[in-house]
Protein chains: 2
Amino acid sequence: MTCLCQQIAGKDIELSPTCIGNLWIFKDLDSADIKALSQDALRKKLVKGQSLFLQGDPANEMFLVKGGRIKLSKVLEDGTELTLDIRKAGDFVGENMFSEEGQYPVSAVCLEATMTCGFSRSQFEELVMKHPRVGLQIIKTLSDRISQLTNRVESLAVANIEERLYRVLSNVAKEHGAQSSQGVVIQFPLTHEDLGFLTGAHRVSITRAMKALKKAGKIILENKLLILPTLKIA
Amino acid sequence: MTCLCQQIAGKDIELSPTCIGNLWIFKDLDSADIKALSQDALRKKLVKGQSLFLQGDPANEMFLVKGGRIKLSKVLEDGTELTLDIRKAGDFVGENMFSEEGQYPVSAVCLEATMTCGFSRSQFEELVMKHPRVGLQIIKTLSDRISQLTNRVESLAVANIEERLYRVLSNVAKEHGAQSSQGVVIQFPLTHEDLGFLTGAHRVSITRAMKALKKAGKIILENKLLILPTLKIA
DNA sequence: AATATTCTGTAGTAGCTGTTACAATATTAA
DNA sequence: TTAATATTGTAACAGCTACTACAGAATATT
């Protein structure tokens, strides 16, 4: 099944094979439903740096990332920035649409050229009512997200920055990594400032910790990409 | 409808009105389903300090907390303990049963005498397939949990211990607090060590920070219970 | 190619937190 | 009640991190 996304995206975004037509979540829908859903879904094409939504916006829509990468971050009262997660092709963004809050608690900003499909709450609710198995799949997805966030909480609780940074890198590598002969490679560049936002530490402290991790052989830096040689991918 | 729990629990546990028979999640089930489900549900009565499950145990069961309070915590490799969450009557525990992991990532230990109802994965899946609206409700619950964990990540990212502690206390108060004339009262005692596990800080540092928060008028201590006078409950 | 901008590396200092030790108080058990 | 245990409070010091400042390297822009 050819997806509308491909026509819209053009050739500058490498699309994931994950789409409404073939996403595992929707695999038991009949073709009429799929057609209806994929026509309703609001496709958006975003450039690097563009935001999908900002913290505080009313949360009425949930997005499937078709291609690219999206950073979920938040600015705290004291002005410090915190990155909560980085989502990639095949992931959902805005899953808290279902919660009571009513607004997005974070901002979603594209790290690369990105393509998304958006769905409204009512669209999703209808879908789940009609196809309970889709509900089960979403439950599984949300459950995985909870596990991941639990890991994140654990990482941040580690006092020592070097250890904390390594845990953060491991988490990122597990989500965005590819196995190579040298180890797990994180598929996109991260500046020390980015890592600071992910780790909750000062940029300069990250530089120090990176130096120590390199020296300890726990990370390798190869043309802007990070490799974790001692990590096994799940 | 009289719940089986009441007969089992006896009089030493104050039960929440939330049960299979009247839990909002199950409100659209017909009486035959409710009967079947409540008979299958495995009730457990636990004393203070007893564990519902330990980190690493196979995750095949999810629990509804009928009465009492359960601490979800984890021991890190370096031996430090971290408390991820405290659940109360009406909450679910073990929701990661749905995820791929296969085992509980945390231990669940009772802080008080506690009563739970357990459900197996297959039981829940059947239920969702038969009653899609139940699936939607669970999606909402999980979604709320994600929001809460996001807050938790945010709290832990704050470097300053006094501020971090106050955020942790606010989170706890929002979950377990009751509005009083003086402010929001946390309904159960927390030692400085407990707060250390919640905050990811040393016990002595908690004592220091508590002193500062008291002095600043941000918290009041009244016979073992904490009051946050400046907090508004959601 | 030249310039501007972003990113990385290094250093020094101030401030905060962890750690250890011990006293004082409160709670629980005998 | 008394003894045992758990909790809180205080102090001193070591160690780590934040903060600031600046230089060099790498990228991006013109």
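We name chains A, B, ... by the order of the sequence lines, and we start the count at 1 in each one. Worth knowing before you read on, the calculation uses all heavy atoms, side chains too, and leaves out hydrogens, waters and symmetry mates.
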*Asks:* Students often get this wrong, so: under 4.0 angstrom with heavy atoms, is H202(B) touching a base, only sugar-phosphate, or nothing?
*Replies:* base
*Asks:* Does the plane of the ring in F188(A) sit parallel, tilted or perpendicular to the ring in H176(A)? Use 30° and 60° as the thresholds.
*Replies:* perpendicular
*Asks:* Indicate whether any N or O donor in one side chain lies under 3.5 Å from an N or O acceptor in the other, for N171(A) and S155(A).
*Replies:* yes
*Asks:* For R208(B) and dT8(D), give me the distance from atom CZ to atom C1', rounded to whole Å.
*Replies:* 14 Å
*Asks:* Expressed as a whole number of angstroms, how long is the span from R164(A):CZ to dT17(D):C1'?
*Replies:* 9 Å
*Asks:* Less than 4.0 angstrom between a side-chain N/O of T207(A) and OP1 or OP2 of dT8(C), yes or no?
*Replies:* no
*Asks:* Reckon K214(B) touches a base, only the sugar-phosphate, or nothing at all at heavy-atom distances under 4.0 Å?
*Replies:* sugar-phosphate
*Asks:* Output yes when at least one side-chain N/O atom of S205(B) is less than 4.0 Å from OP1 or OP2 of dG18(C), else no.
*Replies:* yes
*Asks:* Calculate the interatomic distance between E81(B) atom CD and dG18(C) atom P; express it in whole Å.
*Replies:* 16 Å
*Asks:* Any side-chain donor-acceptor pair under 3.5 Å between D85(B) and Q148(B)?
*Replies:* yes
*Asks:* Look at the side chain of T191(B) and decide which nucleotide, out of dT20(C), dT8(C), dT8(D), has an atom nearest to it.
*Replies:* dT8(D)
*Asks:* Starting from P on dT10(D), measure out to NZ on K215(B) and report it in whole angstrom.
*Replies:* 11 Å
*Asks:* Reading DNA chain D from 5' onward, which residue's closest nucleotide shows up sooner: A159(A) or K224(A)?
*Replies:* A159(A)
*Asks:* Atom CG of L221(A) and atom C1' of dC7(C): how far apart are they, to the nearest Å?
*Replies:* 12 Å
*Asks:* For D78(A) and dC19(D), what is the distance between atoms CG and P respectively, to the nearest whole Å?
*Replies:* 9 Å
*Asks:* State, without any angle test, whether N60(A) and S120(A) hold a side-chain donor-acceptor pair at a distance under 3.5 Å.
*Replies:* no
*Asks:* Taking CG from L226(B) and P from dT7(D), how many angstroms apart are they, rounded to a whole number?
*Replies:* 15 Å
*Asks:* Without decimals, in angstroms, what is the distance between K48(A) NZ and dA28(D) C1'?
*Replies:* 11 Å
*Asks:* According to a strict under-4.0 Å criterion, is K211(B) in side-chain N/O contact with OP1 or OP2 of dT10(D)?
*Replies:* yes
*Asks:* Quick check: any donor-acceptor pair below 3.5 Å linking the side-chain of R203(B) to the base of dG9(D)?
*Replies:* yes
*Asks:* Ignoring hydrogens, what is the shortest heavy-atom contact between L169(A) and I186(A)? Give both atom names and the distance.
*Replies:* O-CD1, 3.9 Å
